[in-house]
Amino acid sequence: MSAPVLDRRSFLALPVLATTPLAAQFDANRTPKNLRIEAVDVVVTNPDERPLGNYVLVKITTSEPGLYGWGDATCSGSEMAVATMLEEHLAPALIGRDPMQIGNLWQTLYHLPYYRSGSVHMSAMSGIDMALWDIKGKVAGLPVYELLGGKMRERLLTYRSAGGASIEEVEDGARALMERGYKVVKVQVAAPGAESGYAVPSSERVQAETQAAYDRGVPPSQLWEPEPYVRILPKLFAHLRKTVGDQVGLLHDVHERVTPSQAIRLAKALEEYDLFYLEDVLRPEHLDTYAIIRQQCSTPLAMGEVYTGAWEGLQLITDHLIDYARHDIAHVGGISTLRKVAALCEPYGIETAFHGPGNISPVSHMAHCHVSYSVPNFGIQEFAVGWGDGVRAVFSASPVFEDGYISIHDMPGLGIDVNEDEARKRPYKRRLRPTIRRADDTPWAY
Ligand code: CO
């Protein structure tokens, strides 16, 4: 929460590969003949030693000297399974193939395991897809957004999170972000009496317990009771509208932690505060409840980060039960899937709000920006990250923040390189996600 926002100067000051711009590594004036995939390498790294900071990176090397692509196959919670999926089950089908045939290879790998889809398979597919687009952009000598139709906009509206143990703490955090130029802020408050929660600071006791679980290599657990949370949220928004005004966009992520009836109550109670959107108010399977919420209030709804394929959220879109699609490029099948999702949303007026937390790598954040630049129905791009020194040592680029918006440079491909030596110095660390439990030990299930 306290990590500084990355600014252009601080990132350009990095020694990482800055003297080896991508364009210098491969001459785009050459038209490679008989281009073939020669190797697929997987690197799992945790550059900043963060709990959700293991990144699964895929490098596809071609027969053309200096021509390779990077993709992000990170699925936090299943990192090592994805790495094995790539190395053992998908990569062999790519060797010797033409990397320019992205659609052909995508379909090949999608059907290859027969028992297809799901988080592990689709995250692996996402990494390969991004790496192939990276290669195609380098061959063309163009940034990937040019291959997707070019820029619809010059910069991308973004937001960041202010989480607090109390309503006043959230207000302070929101003000600080607004002073830095944010036009939209995500606000999260702890439920009264709760020592932890989603996107709020944990108490010292819970922090110590969490660290002890990490040390033992087991998942930490978090106590969760939804009713106090449902009751405090309208108070948070009433307070914020009174204190920080009605010019700032406010959004909130429920993270699927309420029951269907609580979700209806909550969406109705928050209607008067004009949210930018209410996110993950329920698991996407509760289509009937989404329909009820739509009929009862105008609170904009966002959903999609848990999807691991293009068509899982089909009915939420075609029944127009949501307003923002939150699909994550590292889990739905990469750039190829994300642009299809955006196209599917376009006639419904559903906008994109691709999921961009710190638990996907800068490769995904760059790739998200290429898609967000190019689609007509862009809404907002999450970039909720303050990178540490480790990430800056491993990755050559990142979106840069300025005055409420992010942008990326115009180097060919995805425009990001990975320093493999630095990555291997910072290996995988098992930090399992917390299990969420009711006071009687029932695992949270809605
Ligand atoms: Co979310």
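Note that ligands are numbered from 1 as they come in the structure, with each ligand's atoms numbered from 1 the same way.
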N/O/S atom name from Glu279 that is nearest to the position of the Co ion (ligand 1)
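Result for Glu279 and the Co ion (ligand 1): OE2.
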Among the N/O/S atoms of Glu305, select the one at the shortest distance from the Co ion (ligand 1) and name it.
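The closest N, O or S atom of Glu305 to the Co ion (ligand 1) is OE1.
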Per the ring-ring contact (aromatic ring centres under 6.0 Å, His included) rule, which among Phe378, Tyr373, Trp133 passes with Tyr145?
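Exactly one candidate clears the test, Tyr373.
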Ring centres of Tyr198 and Trp224 under 6.0 Å apart?
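No, ring centres 6.0 Å or more apart.
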How about His365 and Trp387: are their ring centres within less than 6.0 Å of each other?
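That pair passes the under 6.0 Å test.
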Given Ile335, Ile135, Ile408, the one that forms side chain to side chain contact (heavy atoms under 4.5 Å, CB included) with Leu414
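Looking at Ile335, Ile135, Ile408, the match for Leu414 under the side chain to side chain contact (heavy atoms under 4.5 Å, CB included) is Ile335.
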OD2 (Asp253) to the Co ion (ligand 1) to OD2 (Asp280): angle, nearest 10 degrees?
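Here the angle at the metal atom is close to 110°, to 10°.
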